[in-house]
Each structure stands twice: as C-alpha cells, then as structure tokens.
Amino acid sequence: MKTAIKKTTASKSKSGNTGTAANKTTTAKATAKTTSKTTAKGTVKAKPSAAEGLRELFVDSLKDIYWAEKALVKALPKMAKNATSQNLITAINDHLAVTEKQVARLEEVFKSVGEKAAAKKCDAMEGLIKEGESIMEETESGPVRDAGIIAASQKIEHYEIATYGTLAAFATTLGEDDAVLLLEKTLAEEKEADVLLTEAAYNTINFDAKEEDQK
Ligand SMILES: [Fe+2]
Ligand SMILES: [Fe+2]
C-alpha cells in the first residue's frame, strides 16, 4: 500500500504542473457533464429524445427491465456457483428458470402494446449486479458469502418488485389490460423469490454465518 502511495507521489512530482492541469481538465469535464444536464435552478434538462407522455415512459421502462432481466440470466448462474448452501443454490437456480420465462413474457408485453421488443441498458441493475460481485469478492466461500449473496439477491428482487409494480400501474392507467395481467404475473414471481430468499436466510444461512464469527 505504502509503495503504491509513493509511486503516485513520484509520478505526480515528475509530471509537475502537467499532472495538475490534467486533473483540472478532468474536473472541468466532470462538472460540465453534470451542468449540461442541469439548469441553474437545479432542474434536469430533458434530452431531445425525452418521453413526452406516460405511454413513452412506460415503453422506455419496459426496455430497461428487458435489459435487466437478460443481464440477470447471465448473472444468476455465477451467484449459484458461488453459493454453498443447497437451499440457496436451489432457490437461485429455480429463479433463473423463472427469469428466463420472464424475458419471454416481456416480449409478449411488448407485442401486446404494439411495440417491438428492445433492450436499453438499465444502470440500476448493472450497479446491483456489480454490488453482488463485490460482495462475493469480499467474502470467503461458505456461510458468510451465502449471506452476502442473499443480501445482494434481495436488493435485486426488491428493485424488480418496484419496477413491475410501477409498470403494472402505468399499464392500468393506459388501459393496456393484457399487459397488466402479464406484468402482475411477473410481479407475483418476484415477490415469491423474495420470500424464498428470506426463508433461506432465516432458516439456516444467517445462523451459520454468525457461527463463523465465533470460530
Ligand atoms: Fe425478474
Ligand atoms: Fe427476480
């Protein structure tokens, strides 16, 4: 650690003013990036492509969750591979199968509202998946990592519950009855996954993880 600090200091002193100028440029760029989206009053300036009505916001949110579910199909097997409790492995693998169906169900939702299925990167889900990976890196394999995997998975499920709840409410307002049924079906599955994860945590995993503290 000390060596790393020394190196940084050395490179800074070698580059002298240039380094400082570069830092200033980065800061200026970062500030410009923030201010370009925000007006003097602090309100966010809309992009030219911004949604004008609830329908557009609904479709945009569908694209977000479509990306998120596809990302989960890739992320869940890694979580299952790193879990050690059989209960947890089964819960994750079962939810992987459910998630694959949810991707297909979202395609039905797009179809039911007359839109082409398209994915748009969901920053929130990308962050939640990254957080799950960091938890795995920061824990030893075993009950403690299992508890961490449950924590990360529940954050993901809660994000999905909030998203599908909102989407179902938007679809209700828009009179998209077929979409409401499909979205509520997925919402129920996400809630069930959350309950199963809570049960897995309270039945054994958290207690086993606590035992590790006493070793
Ligand atoms: Fe899902
Ligand atoms: Fe889920």
Side-chain angles (χ1 to χ4, degrees), residues 57-113 115-136 139 145-172 174 176-206:
L57 179 60
F58 170 70
V59 175
D60 269 358
S61 309
L62 271 182
K63 290 177 182 174
D64 251 55
I65 196 69
Y66 187 51
W67 186 95
E69 295 286 16
K70 285 179 156 197
L72 282 171
V73 168
K74 288 184 198 156
L76 289 173
K78 196 174 174 185
M79 285 189 170
K81 240 182 230 174
N82 279 280
T84 55
S85 142
Q86 197 48 54
N87 254 358
L88 181 56
I89 296 171
T90 309
I92 297 172
N93 282 334
D94 287 355
H95 198 56
L96 171 63
V98 169
T99 302
E100 281 166 353
K101 280 186 191 156
Q102 290 173 347
V103 171
R105 192 176 298 133
L106 276 171
E107 286 160 7
E108 278 181 64
V109 176
F110 277 111
K111 206 173 163 193
S112 79
V113 298
E115 295 283 338
K116 223 178 122 194
K120 201 176 109 191
K121 190 173 149 193
C122 172
D123 294 331
M125 188 56 78
E126 189 187 43
L128 288 166
I129 291 172
K130 272 189 190 161
E131 192 182 297
E133 281 174 4
S134 319
I135 290 179
M136 291 192 273
T139 48
R145 185 178 287 175
D146 284 359
I149 290 175
I150 292 185
S153 307
Q154 285 198 286
K155 286 180 193 177
I156 289 172
E157 292 317 315
H158 280 240
Y159 177 77
E160 289 184 299
I161 290 167
T163 303
Y164 282 106
T166 303
L167 283 170
F170 283 176
T172 304
L174 293 165
E176 294 288 358
D177 298 341
D178 291 343
V180 174
L181 291 177
L182 293 163
L183 292 164
E184 281 181 346
K185 198 168 182 191
T186 300
L187 177 61
E189 288 170 356
E190 307 294 15
K191 286 182 179 172
E192 198 191 327
D194 182 48
V195 170
L196 289 175
L197 287 165
T198 304
E199 281 172 4
Y202 283 110
N203 283 346
T204 54
I205 294 165
N206 284 356

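What you see is a predicted model; the values in this text were computed from it and never measured. When a ligand or atom number is given, it counts from 1 through the structure's own listing order.
Side chains of H158 and E190: a donor-acceptor N/O pair is absent below 3.5 angstrom, by distance only.
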Would you sort out whether E176 and F170 count as a side chain to side chain contact (heavy atoms under 4.5 Å, CB included), showing the intermediate values? CA-CA 9 Å; E176 294 288 358; F170 283 176; over 6 Å; no
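Taking the side chain as every heavy atom from C-beta outward, M79 and M136 approach each other to under 4.5 Å. Side-chain contact between L88 and L197: present, with at least one pair of heavy atoms (C-beta onward) separated by less than 4.5 Å.
Enclosure of atom CD in E133 by more than 12 non-hydrogen atoms of other residues, nucleotides or ligands within 6.0 angstrom is indicated.
Annotation: protein N, O or S atoms under 2.8 Å of the Fe ion (ligand 1) (waters excluded) comprise E69 OE1, E69 OE2, Q102 OE1, E160 OE2, E190 OE2.
Applying side-chain hydrogen bond (donor to acceptor under 3.5 Å, both in side chains) to E189 and the options Q102, H95, K101 leaves one that passes, Q102.
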